[in-house]
Amino acid sequence: MDIQTAWNNNFPYLTSQRELSFLPLFATWEEKSLDEDELNSFFFKKLLDEAKSYPILLQEKVDKEELINNKEALAFIINSVFQVSLDSKKQMYMMSLPFTMDIVYASEGFKEKFLWPEAFSASTMEEKKEEMRYSKLIHAYKIILSKFYALDIKADDSLVYKVIDKSGLSKYFFSEVNSDFIDVSTTKVLPPKEEVFKACSGKNPCIRDLEKWQKILPLEDFTFSGFLILQLKDFTRTESISELSNALLEENDFSSKNFIDVVDQSVKSLLGVSNIKVGVAAFQKFDNKYLISDRRLANSFLIRHLCLMDCDQSYESVVSFLSNVKDPVFLNDFATCSEAPESYAQIQAMGIKEIIIVPLHYDGSLVGVLEICAEEEGILNALMLDKLKNINQPLAIAMQKNMKQFEYQVQQVIRKNYTAIQPAIEWKFNEVAVQKIVDQENGKSSNLQPVVFEDVYPLYAAVDIRNSSATRLETIQRDLQEQLKMAQKIIYAAIGLNDLPVLEKMSFKIQKMLDDIQLILVADDESKINYLLSEELEPLFEHLKLVHPSLNEMIDSYFSKINVELGLLYKNRSAFEESLSMLNSALSKHIDKAQVQAQQMFPHYYEKYKTDGIDYNIYIGQSLVRDKIFDPVYLKSLKLWQLTTLCESAFLSESLKDKLPIPLETTQLLLVHSSPLSISFRMDERKFDVEGAYNIRYEIMKKRIDKALIKNSKERLTQPGKIAIIYSQPKEEVEYMDYIAYLQIKGLLGSEVEHLDLEDLQGVNGLKALRVNVGKPLYSDLSQHKSKDSLKTGNQR
């Protein structure tokens, strides 16, 4: 479908009410012939006199085909209407019947660029369909309302057309429609002006009211006579840049095909040449090092080729060169280029004759490069550089936007896998960051201020899996013993078939290792056994399968029980690791869930560590919050919450004990520190540390108290089924005895309370402890519900 048919089909209801007429034009000439300006008056009188020589033009309704065949009459009217300065070959204009593409005359430029069969794709026509209809409605009702009601519609009725020229380039034109020489008439009785005004949504006619006017003033009631003039003006340069900017705002991936297609079309349209190659390479820095990846060079034509052989070296060489190029450059004589001569030699080898390089800078930093290459001479030239200046910014912004997205992704990975700024203290980090940005905007040079919270109260607790290291070693020992015994059975069977001395020797070695690890397993034994199993026994078993097929079933059974990746039996260790994971996950989930409730008491900082058990730090105080008032009552509440949570953790681990592949027990420990301290965020380790020499003692205690012994004994303070509370001041003992008494009434703690002195630790002395057994009445009630859910979570993990 050509543009003429498409346009007419979009406005079918005017087809029978349009007439070609020049009487509106002559009426205008008549009016201007009365002009006081003598020259104007003389000119239009002369035109009117000359028009009388062409009777066809004086008809009320002119037959278009008859006029086209009347060359003299057509030449007179066209030369009278269109300025002599208009170049028919270069400029685009046409005359048609009212509101159609029923063309009376079109310039050569109009026909060549706008009317050739492939100027518009079907999709483009479909996109323009509603715009065309809308534009013609506006013009039609402008004429109706102006003539019959002296009303004027204020509206921009121009259209933008994207046309594909014969070289395949996109061209952009906007239309200027002149409907001054169209008259309208009707045989119908029109509604009064008051009724028309009622259809107006405001004080004056508005394009929003078109639907209402179509109902009260249907267009089929009117006849339009005269002719319409359409002029198209090329604004490809402006629109190419605008379309590129809009597309880049929507496109988030500079490595996508859509991205390079948009850039390719825009550059080619901007320069007016189609036989060029366009590429974009991203230069992105992170931690002061350029990021090199396929993604960043995916849409590059030139630099990607240069980096194929020795990417790191070539990339750095190209970046170094381009960093010194501030403006677009045109090159066609590569022999004279002293910068990066090896790169230019490769460019010539690619068959490239001319290039334009457009470095893309953002805030003075190189973020990418636009590459334009021609394989023929005379395609590119230095005059094109000025056209490309306006394309730099949108491309540079797109590259920078992607860099910010990359930085955001990095931060997300760090927060997800290493550390997170908790909501309770996020305000402080925002405050520091905002201050730095404001300083920069004010021209000040400043570093990020340290994040410090003073006078905060620490709370520390640990739920440790009892004897986890020893249990892990025992499972390794059992696995090795079982595997050696399985191997020994195979050797015995082989000796029965062929009593070779080497088999006797191997049997002796296996028994020797079984004897060595019967009581205890040391690291040296483990490595020796692993070597024997993997390097000596496995090859021997494979040979025995070949020479003694009767052993195949026994040997295959051996290998079926071995972990493929490790080459070792992993049954008992796997059971232990599974038990450890299930218990850890259940405890972690329980503490996290309880922590959500604790945050509702008063916002605080909480960090948890998971090893063979769970331990966590809590800091609470006024400096941690900005919009709340801290009171000691919140600290007391959190301490009671902490002790309660330890009791519940003990219940939970006890309830899971018989459900684990290998039964495990936990011990519960709490450290009391009544004096406030200061903490600061360490950027290198992404964590908070205490400040001050005195406060360091608190950190030392946390690391050593899990091994604390009761004074004058070898007994460990921490024991399964008990809560250990370590303190150093008498007032702390009084405070926690009060909490204990309350939890005893609730049944969470038992009646046995021990008051203990502890052996001195390295660097720490004078510590005391309270140890109280966990209450038994609530084991079934509290743990039964939690154990099922927690065990399920552990299995899922």
Side-chain angles (χ1 to χ4, degrees), residues 461-483 485 517-521 526 561 563 566 568-594 608-616 645-670 706-707 714-724 747-750 752 771-797:
V463 181
D464 187 45
I465 295 177
R466 183 71 161 178
N467 297 327
S468 59
S469 298
T471 305
R472 180 183 284 106
L473 196 60
E474 288 173 7
T475 60
I476 295 173
Q477 182 184 17
R478 289 200 296 271
D479 280 338
L480 291 175
Q481 287 173 331
E482 288 184 29
Q483 188 170 354
K485 288 177 181 178
I517 66 172
Q518 184 176 0
L519 297 177
I520 190 171
L521 177 69
E526 186 179 354
K561 297 174 183 178
N563 182 283
L566 300 175
L568 296 169
L569 187 66
Y570 203 69
K571 182 180 70 174
N572 293 289
R573 273 176 286 182
S574 176
F576 169 75
E577 295 295 343
E578 183 182 356
S579 300
L580 184 68
S581 175
M582 289 167 60
L583 185 53
N584 257 348
S585 296
L587 290 169
S588 179
K589 181 180 178 182
H590 170 70
I591 294 172
D592 285 345
K593 187 176 180 180
K608 179 187 67 179
Y609 304 96
K610 187 193 300 185
T611 52
D612 286 358
I614 306 292
D615 63 299
Y616 59 86
T645 303
L646 279 181
C647 294
E648 294 171 348
S649 298
F651 298 154
L652 179 59
S653 61
E654 180 65 23
S655 69
L656 292 176
K657 184 176 177 181
D658 297 334
K659 299 177 178 65
L660 301 175
I662 292 181
L664 298 174
E665 295 181 310
T666 62
T667 62
Q668 290 69 226
L669 173 66
L670 184 154
D706 64 318
K707 301 292 193 296
K714 297 297 182 181
E715 182 185 349
R716 289 274 289 270
L717 171 65
T718 55
Q719 296 293 333
K722 296 187 177 184
I723 307 293
L748 295 178
L749 291 175
E752 302 172 10
R771 190 166 66 180
V772 56
N773 62 312
V774 178
K776 295 190 181 296
L778 291 184
Y779 264 137
S780 59
D781 294 337
L782 183 65
S783 63
Q784 192 170 7
H785 167 71
K786 295 180 180 295
S787 63
K788 292 180 180 177
D789 181 59
S790 301
L791 186 61
K792 181 180 178 182
T793 303
N795 282 324
Q796 287 175 339
R797 295 197 179 189

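These figures come from a predicted structure and were not determined experimentally.
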Closest heavy-atom contact between Asp612 and Ser468? OD2-OG, 2.9 Å
What closest approach, in Å, do Arg466 and Gln719 show between heavy atoms, and which atom pair accounts for it? NH2-OE1, 3.2 Å
Measuring from Ser653:OG to Leu587:CG, what's the distance to the nearest 0.5 Å? 6.0 Å
Is the number of heavy atoms from other residues, nucleotides or ligands under 6.0 Å of Lys608 NZ greater than 12? yes
CG of Leu748 to OG1 of Thr645: how many Å apart, nearest 0.5 Å? 10.0 Å
Under a 3.5 Å cutoff, is there a donor and acceptor pairing between the side chains of Glu665 and Thr667? no
What's the shortest heavy-atom distance between Cys647 and Ile723, and which atoms? N-CD1, 4.1 Å
Looking at Gly721 and Gln668, what are the two nearest heavy atoms and their distance? N-NE2, 4.4 Å
Quick one: which of Thr475, Leu569, Ile517 gives a side chain to side chain contact (heavy atoms under 4.5 Å, CB included) with Leu480? Ile517
For Ala724 and Thr718, work out which heavy atoms get closest and say how close. CB-CG2, 4.4 Å
Could you walk me through whether Glu648 and Lys593 pass the salt bridge (Lys or Arg N to Asp or Glu O under 4.0 Å) test, one step at a time? CA-CA 12 Å; Glu648 294 171 348; Lys593 187 176 180 180; over 6 Å; no
Euclidean distance, Lys561 NZ relative to Gln483 CD, rounded to 0.5 Å: 11.0 Å
Shortest non-hydrogen contact from Leu646 toward Leu669: CD1-O, 3.8 Å
Are side-chain heavy atoms of Gln477 and Glu526 found at a separation under 4.5 Å? no
So, Arg771 side chain and Leu717 main chain: donor-acceptor pair closer than 3.5 Å or not? yes
Partner of Leu583 by side chain to side chain contact (heavy atoms under 4.5 Å, CB included), out of Leu656, Leu652, Ile614: Leu656
To the nearest 0.5 angstrom, please state how far the CG atom of Asn572 sits from the OG1 atom of Thr471. 12.0 Å
Minimum side-chain heavy-atom gap Arg573-Asn563 below 4.5 Å: no
Determine yes or no for a side-chain-to-main-chain donor-acceptor pair under 3.5 angstrom, with Ser579 supplying the side chain and Ile662 the backbone. yes
Gap separating the CG atom of Leu473 from the CG atom of Asn467, nearest 0.5 angstrom: 12.0 Å
SB check Glu577 Arg472 (cutoff 4.0 Å): yes
Would the number of heavy atoms belonging to other residues, nucleotides or ligands and lying under 6.0 Å from CD of Glu715 be above 12? yes
Hey, what do you get for CD1 (Ile465) to OG1 (Thr611), rounding to the nearest 0.5 Å? 8.0 Å
So, does Ser588 use its side chain to make a donor-acceptor pair with the main chain of Asn584 at under 3.5 Å? no
